[in-house]
Amino acid sequence: MHRMASTLSGDGRAGIDAALVRRLIAAQFPQWSDLPVTPVEVDGWDNRTYRLGEDMTVRLPTAAGYAPAVAKENRWLPVLAPRLPVPVPPIVARGAPGEGYPFDWSIRRWLEGEVARPERIDDMRDFAVSVAEFILALQRVDASDGPAAGAHSFYRGAPLAHYDDDTRRALSALAGRVDVDRAAAVWAAALRASWRGRPVWFHGDIAANNLLIRDGGLAAVIDFGTSGVGDPACDLVISWTMLSGESRDVFRRTVRQDEPTWARARGWALWKALIMLAQHIDTAPDEAAAHRHVLDQVLDDHDRFG
């Protein structure tokens with residue numbers, strides 16, 4: 001396939017649109033060229049996703065750092081799928097660079113469901129159990145040949161020390177605006193709780209937009225771009241970003257992780273909350289408030305269990 005000059009610019013999303021997808025489909029998969037191409041309702045940052053007809057989606061990485069996920073997911077999703085309690089994206093085809101687009105891309109089967117929102121979930125406790133059971137099932141899959149955590153997973157599953165500088169810069173930037181002493185104590189505890197277990201599969205981004213709801217319960221898990229094999233602590237972050245009260249307690253009991261893993265999980269949640277809060281505290285008050293809430297939940301959890 002001839003590689004044309006990239007049309008992408010800026011954050012990589014501006015050059016990706018339905019017209020590009022139609023050109024790619026026509027050039028590489030002409031049997032589907034008559035199918036409509038429409039944007040999905042909730043899109044991601046790492047990839048742009050378009051619905052192709054009624055039964056398929058087209059997924060295009062927005063930057064070079066996200067492109068390795070295409071080969072990884074195409075290789076491993078068919079291995080993981082039969083061992084998991086809910087569906088994950090079925091692979092249909094892999095596209096190549098072309099039409100001004102510089103990366104490999106993928107075609108998947110459409111999975112029915114809406115992204116997880118509290119008002120779409122019948123019982124948050126049941127939802128928490130389903131997510132925990134998914135994580136445990138994923139950890140039980142043979143990981144011996146899986147992709148070790150690293151750049152392809154944006155270091156999810158790897159030691160938290162990779163993000164130590166980012167975290168300390170955020171703490172410095174937020175001095176006087178959040179309780180940086182408590183936050184620094186949580187971060188120090190996470191770094192001390194080094195992972196010594198056997199490598200297991202992790203998803204890397206167990207978050208509301210990657211969990212599909214149908215008929216009030218968990219129906220599918222999508223976006224394995226940050227998945228890999230290593231430390232599973234990053235998959236527990238949903239405990240503070242989406243769950244609370246009884247549903248959080250049920251999740252903790254069901255997922256059955258040890259205390260050092262929970263300490264590292266608090267570190268993952270803290271890192272993200274701090275860097276996003278530092279970025280938005282003066283420019284996007286609503287978004288900053290959401291990250292401050294996560295930070296407060298993590299600090300309180302550390303006081304309770306740490």
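No hydrogens, no waters, no symmetry mates; every other heavy atom, side chains included, goes into these values.
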**OP:** Would you mind telling me which of Gln257, Arg264, Glu259 makes a side-chain hydrogen bond (donor to acceptor under 3.5 Å, both in side chains) with Thr261?
**Re:** Arg264
**OP:** Could you tell me whether the side chain of Arg75 reaches within less than 4.5 Å of the side chain of Lys72, counting heavy atoms only?
**Re:** no
**OP:** Any chance you could lay out the salt bridge (Lys or Arg N to Asp or Glu O under 4.0 Å) test for Arg59 and Asp223, step after step, and finish with the verdict?
**Re:** CA-CA 10 Å; Arg59 181 172 162 89; Asp223 194 352; 2.7 Å; yes
Original post:
Do Arg109 and Asp55 pass the salt bridge (Lys or Arg N to Asp or Glu O under 4.0 Å) test, and can you show the C-alpha distance, the side-chain angles, and the key distance before you say yes or no?
Top reply: CA-CA 6 Å; Arg109 289 288 173 204; Asp55 300 323; 5.3 Å; no
Original post:
Is any side-chain heavy atom of Ser130 less than 4.5 Å from a side-chain heavy atom of Phe251?
Top reply: no
Original post:
Members other than Val250 in its cluster, when Ile, Leu, Val, Met, Phe, Trp, Tyr link by side-chain heavy atoms under 4.5 Å?
Top reply: Val129
Subject >> Shortest non-hydrogen contact between Ser153 and Ser227, atoms and distance >> reply: CB-O, 3.8 Å
Original post:
Would you find more than 12 non-hydrogen atoms of other residues, nucleotides or ligands less than 6.0 Å from Gln31 atom CD?
Top reply: yes
Original post:
Between Tyr66 and Phe154, what is the ring plane arrangement, given parallel below 30°, perpendicular above 60°, and tilted in between?
Top reply: tilted
Original post:
For Arg266, what residues pass the side-chain hydrogen bond (donor to acceptor under 3.5 Å, both in side chains) criterion, not counting sequence neighbours?
Top reply: Asp301
**OP:** Can you tell me which residue pairs pass the side chain to side chain donor-acceptor pair (under 3.5 Å) test with a partner in residues 166-176, sequence neighbours excluded?
**Re:** Asp164-Arg168, Asp166-Arg169
Original post:
Going through the checks in order, is the ring pair (Phe, Tyr, Trp, His ring centres under 6.0 Å) test met by Trp105 and Phe29?
Top reply: CA-CA 12 Å; Trp105 48 284; Phe29 302 100; 5.7 Å; yes
**OP:** State, without any angle test, whether Gln297 and Arg248 hold a side-chain donor-acceptor pair at a distance under 3.5 Å.
**Re:** yes
Subject >> Close side-chain approach of Leu77 to Pro89, heavy-atom, < 4.5 Å >> reply: yes
Original post:
Donor-acceptor pair, Asn210 side chain versus Asp205 backbone, under 3.5 Å?
Top reply: yes
**OP:** Return yes if a side-chain donor-acceptor contact under 3.5 Å exists between Arg196 and Ser194, otherwise no.
**Re:** yes
Original post:
Does Asn74 reach the side chain of Ser106, with side-chain heavy atoms less than 4.5 Å apart?
Top reply: yes
Subject >> Residues clustered with Val70, ILVMFWY side-chain links under 4.5 angstrom >> reply: none
**OP:** Compare all side-chain heavy atoms of Leu24 with those of Leu60 and state whether any distance is below 4.5 angstrom.
**Re:** yes
**OP:** Determine whether the side chains of Asp142 and Ser144 contain a donor N or O and an acceptor N or O closer than 3.5 Å.
**Re:** yes
**OP:** Could you tell me which non-hydrogen atom of Ala269 sits nearest to which non-hydrogen atom of Trp240, and how far apart they are?
**Re:** CB-CE3, 3.7 Å
**OP:** Could you tell me which non-hydrogen atom of Gly15 sits nearest to which non-hydrogen atom of Leu20, and how far apart they are?
**Re:** O-CD2, 3.6 Å
Original post:
Does Asp303 pair with Arg182 as a salt bridge, N-O distance under 4.0 Å?
Top reply: yes
Subject >> Ala27 to Glu99 - nearest heavy-atom pair and separation >> reply: CB-OE2, 3.7 Å
**OP:** Begin from the C-alpha positions of Glu246 and Arg125 and carry the test salt bridge (Lys or Arg N to Asp or Glu O under 4.0 Å) through to its verdict.
**Re:** CA-CA 7 Å; Glu246 190 174 356; Arg125 295 167 302 178; 3.5 Å; yes
**OP:** Please name the residue in the list Val92, Thr57, Val21, Leu35 that meets the side chain to side chain contact (heavy atoms under 4.5 Å, CB included) test with Leu52.
**Re:** Leu35
Subject >> Gly217 backbone acceptor or donor facing Arg214 side chain under 3.5 Å >> reply: no
**OP:** In sequence, state the C-alpha distance, the side-chain angles, and the governing distance for Arg156 and Trp268, and then conclude on side chain to side chain contact (heavy atoms under 4.5 Å, CB included).
**Re:** CA-CA 9 Å; Arg156 269 66 166 186; Trp268 281 108; 4.2 Å; yes
**OP:** Only pairs at least two apart or in different chains count here, so list each salt bridge (Lys or Arg N to Asp or Glu O under 4.0 Å) that has a residue in residues 270-287.
**Re:** Arg177-Asp282
Original post:
Looking only at heavy atoms, which two atoms of Gly267 and Ala190 are closest? And how far apart?
Top reply: CA-CB, 3.6 Å
Subject >> Distance-only polar pair, side chains of Thr254 and Arg256, donor-acceptor under 3.5 Å >> reply: no
Subject >> Close side-chain approach of Phe103 and Thr62, heavy atoms under 4.5 Å >> reply: no
Original post:
Would a 4.5 Å heavy-atom cut-off, applied to side chains only, mark Val229 and Pro147 as touching?
Top reply: yes
**OP:** Start with the C-alpha distance between His302 and Trp262, add both sets of side-chain angles, then the distance that settles side chain to side chain contact (heavy atoms under 4.5 Å, CB included), and finish with yes or no.
**Re:** CA-CA 9 Å; His302 175 75; Trp262 279 107; over 6 Å; no
**OP:** Flag the pair Glu73 / Arg108 as yes when at least one side-chain heavy-atom distance between them is below 4.5 Å, and no otherwise.
**Re:** yes
Original post:
Tell me the ring-ring contact (aromatic ring centres under 6.0 Å, His included) pairs involving residues 184-221, sequence neighbours left out?
Top reply: Trp76-Trp201, His203-Phe224
Original post:
When you look at Arg51 and Val58, which way does the side chain to side chain contact (heavy atoms under 4.5 Å, CB included) test go after all the steps?
Top reply: CA-CA 6 Å; Arg51 195 161 181 175; Val58 178; over 6 Å; no
Original post:
Any idea which heavy atoms bring Val88 and Leu111 closest together, and the distance?
Top reply: C-CD1, 3.7 Å
